[in-house]
Amino acid sequence: MTSLGLTVVGAAGRMGQSLIQTVHALDGVHLSGAVERPGSEALGKDAGQIAGIEPLGVNIIDDPLAAFVKSDGVLDFTSPQSSVGFADICAQARIVHVIGTTGFGSDEEDRLGAAARHAVIVKSGNMSLGVNLLAELVKQAAQSLGDDFDIEVLEMHHRHKVDAPSGTAYLLGDAAAKGRDMNLADASVRVRDGHTGPRAAGTIGFATMRGGSVVGEHAVVFAGEGERIELCHKADSREIFARGAVRAAQWAHGRKPGLYSMKDVLGL
Ligand code: NAD
C-alpha cells in the first residue's frame with residue numbers, strides 16, 4: 001500500500017504539533033509538508049523539532065500551494081479565515097482537506113460549501129470517535145426523553161481557546177435538537193445574565209468555562225422533575241483529535257467532491 005502524504009497547516013500550534021507527532025507515528029501516512037502563517041517564528045525550522053520529536057526533514061514554510069501540490073491531503077486546525085483560504089487552494093490542487101478549525105460564521109460556512117463542489121472536504125467540530133458516538137447517544141436520548149426534560153450543554157476548555165461555545169458544544173446541541181426535530185439556531189440560549197426570568201420551555205442552553213490546560217470536557221444534561229441524566233466526554237489528550245483527522249484523510253482519499261463529516265468517516 002502506498003503511503004499518503006499529508007501537509008499540516010498551523011504546524012506550530014497546539015493541534016499542529018500533535019498532528020505532526022501522530023502522522024509520524026502512524027503507518028500508511030507520512031508528513032509531506034508543514035505550513036505556518038507568514039511571520040511565524042517557526043518558519044524554516046524542521047517540523048519534527050517544532051513538535052518535540054526527531055527531525056523529519058520537512059521544513060516549515062509559509063507558501064501553502066508549494067506544500068499542497070506535493071501532498072494527498074491537508075490537516076487544518078488553524079482559524080476560520082485561514083481555513084476558508086486553504087479550501088480554495090486544496091480545490092485547486094485537487095487534494096483532500098480535513099478541517100478541524102472551529103468558530104466559522106455563516107458566510108464562511110457558505111464559502112466552504114462552495115469549495116466542496118470541487119474539493120473533498122471533511123469538517124467536524126470534533127474529530128474524536130468518542131464525541132461523535134456521544135452525539136448519537138445525545139440524539140437518541142433527546143428523542144426518547146421528550147419535552148419535559150430540559151437540555152443544557154456544558155463545556156470547559158483551556159485558557160487559550162478563542163471561540164465560545166466550543167465547536168463540540170454546538171455539535172452536541174445540534175444532535176439534541178435533531179433528536180427533538182428542532183433547528184438548533186431557533187432553540188439555543190448561549191448566554192444568561194441578569195434577570196432572565198424562568199427558563200423557556202424547549203430551549204437548549206449552553207454554559208462555558210475556561211481555564212488552565214483542560215483539553216476539552218463536555219456534558220449534556222437532561223434535567224427532568226426529580227431526576228437528571230448526564231452524558232459526558234473528557235478528552236485527556238489532543239492525540240484523539242489528531243488520530244481522527246488522519247483517519248478522515250485516509251477515508252476521504254479518492255472520494256468524489258463534497259462536504260463530509262466525521263459521522264460519514266466513522267459510519268455512524
Ligand atoms: P493554536 O492557536 O495553538 O494553533 C493555531 C495555529 O495556526 C497557530 O500556530 C497559528 O500561527 C496557525 N495559523 C493561523 N493562521 C494561519 C495561516 N494562515 N497559515 C498557516 N498557519 C496559520 O490553536 P489550537 O488549540 O491548535 O486550535 C486550532 C483550532 O482547532 C481551533 O479552532 C480549535 O477550536 C480547533 N480544534 C478542533 C478540534 C477538533 O477535533 N475539531 C480539536 C482541538 C482544537
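Heavy atoms only: backbone and side chains are in, while hydrogens, waters and symmetry mates are out.
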Check: When you measure from the side chain of S32 to the backbone N and O of S71, does any donor-acceptor pair fall under 3.5 Å?
Finding: no
Check: Atom OG of S83 and atom CZ of F77: how far apart are they, to the nearest 0.5 Å?
Finding: 9.5 Å
Margin query: Which Ile, Leu, Val, Met, Phe, Trp or Tyr residues join M156 in one cluster when any pair of side-chain heavy atoms under 4.5 Å counts as a link?
Written below: M209, V214
Margin query: Looking at G5, is its backbone amide N or carbonyl O close enough to the side chain of D72 to form a donor-acceptor pair, meaning the two atoms are under 3.5 Å apart?
Written below: yes
Next item on the list: Go through the side-chain N and O atoms of T78 and D76 and say whether any donor and acceptor fall under 3.5 Å apart.
Entry: yes
Next item on the list: Give a yes or no on whether a salt bridge exists between E36 and K45, defined as a side-chain N under 4.0 angstrom from a carboxylate O.
Entry: no
Item checked: Short N-O contact, R228 and E152, less than 4.0 angstrom -> no
Note to self: One pair to check against side chain to side chain donor-acceptor pair (under 3.5 Å): S128 and N126. What are the steps and the verdict?
What the structure shows: CA-CA 6 Å; S128 84; N126 195 301; 3.0 Å; yes
Checklist line | Test log, rule side-chain contact (heavy atoms from CB on, under 4.5 Å), inputs D63 and L65 | finding: CA-CA 6 Å; D63 178 358; L65 185 59; 3.9 Å; yes
Indicate every side-chain donor-acceptor pair of residues 139-151 with a distance under 3.5 Å to a residue at least two apart or in another chain.
from: S144; atom 1: OG; to: Q140; atom 2: O; distance (Å): 2.9
from: D150; atom 1: OD1; to: R199; atom 2: NH1; distance (Å): 3.4

Notebook entry, point to check: Salt bridge check: are D107 and R111 linked by an N-O gap of less than 4.0 Å?
Noted result: no
Check: Linking I/L/V/M/F/W/Y whenever any side-chain heavy atoms sit under 4.5 Å apart, do L172 and V191 land together?
Finding: no
Item checked: Pairs satisfying side-chain hydrogen bond (donor to acceptor under 3.5 Å, both in side chains), at least one member in residues 251-260, at least two apart -> none
Check: Going from OG on S188 to CG on D174, what distance comes out if it is rounded to the nearest 0.5 angstrom?
Finding: 10.5 Å
Note to self: Minimum heavy-atom separation for A249 and L6, please, with both atom names.
What the structure shows: CB-CD2, 3.9 Å
Checklist line | Nearest heavy atoms of Y170 and L184, plus distance in Å | finding: O-CD2, 3.8 Å
Check: Cluster question for you: counting only ILVMFWY and a side-chain heavy-atom cut-off of under 4.5 Å, with indirect links fine, are V265 and I99 together?
Finding: no
Check: Any idea which heavy atoms bring A66 and I61 closest together, and the distance?
Finding: CB-CD1, 4.2 Å
Check: Which distance, rounded to the nearest 0.5 Å, do you find between the CD1 of I50 and the CD of E41?
Finding: 9.0 Å
Notebook entry, point to check: Quick one: does T196's side chain have a donor or acceptor within less than 3.5 Å of a partner on D193's backbone?
Noted result: no
Check: With no hydrogens and no angle check, is any side-chain donor or acceptor of T203 less than 3.5 Å from a backbone partner on G205?
Finding: no
Checklist line | side-chain contact (heavy atoms from CB on, under 4.5 Å) evaluation trace for L154 with V221 | finding: CA-CA 8 Å; L154 274 59; V221 181; 4.3 Å; yes
Check: Can you tell me if Q17 uses its side chain to pair, donor with acceptor, with the backbone of A12 under 3.5 Å?
Finding: yes
Next item on the list: Starting from the C-alpha separation in whole Å, work towards a yes-or-no answer on side-chain contact (heavy atoms from CB on, under 4.5 Å) for V98 and M127.
Entry: CA-CA 10 Å; V98 177; M127 295 276 169; 3.7 Å; yes
Notebook entry, point to check: Would the number of heavy atoms belonging to other residues, nucleotides or ligands and lying under 6.0 Å from CD of E136 be above 12?
Noted result: yes
Notebook entry, point to check: Which value, rounded to the nearest 0.5 Å, describes the distance between L31 atom CG and H24 atom NE2?
Noted result: 9.5 Å
Check: With sequence neighbours left out, which residue pairs that include part of residues 209-245 fulfil the ring-ring contact (aromatic ring centres under 6.0 Å, His included) condition?
Finding: H157-H218
Notebook entry, point to check: How far does CE of M262 sit from CG of N132, to the nearest 0.5 angstrom?
Noted result: 6.0 Å
Next item on the list: Starting from the C-alpha separation in whole Å, work towards a yes-or-no answer on side chain to side chain donor-acceptor pair (under 3.5 Å) for H30 and S3.
Entry: CA-CA 7 Å; H30 64 275; S3 172; 2.7 Å; yes
Note to self: Check this for me, if you would: do K161 and E155 make a salt bridge, where the nitrogen-to-carboxylate-oxygen distance has to be below 4.0 angstrom?
What the structure shows: no
Next item on the list: Step by step, work out the side-chain contact (heavy atoms from CB on, under 4.5 Å) result for E227 and I229.
Entry: CA-CA 7 Å; E227 62 179 338; I229 298 159; 5.5 Å; no
Checklist line | E108: partners by salt bridge (Lys or Arg N to Asp or Glu O under 4.0 Å), with sequence neighbours left out | finding: none
Notebook entry, point to check: Do S261 side-chain atoms and K123 backbone N/O form a donor-acceptor pair below 3.5 Å?
Noted result: no
Checklist line | N59: partners by side chain to side chain donor-acceptor pair (under 3.5 Å), with sequence neighbours left out | finding: none
Check: Does atom CZ of R190 have more than 12 heavy-atom neighbours, drawn from other residues, nucleotides or ligands, at distances under 6.0 Å?
Finding: no
Next item on the list: Quick one: pull up CG in L26 and CZ in R247 and give me the separation to the nearest 0.5 Å.
Entry: 11.5 Å
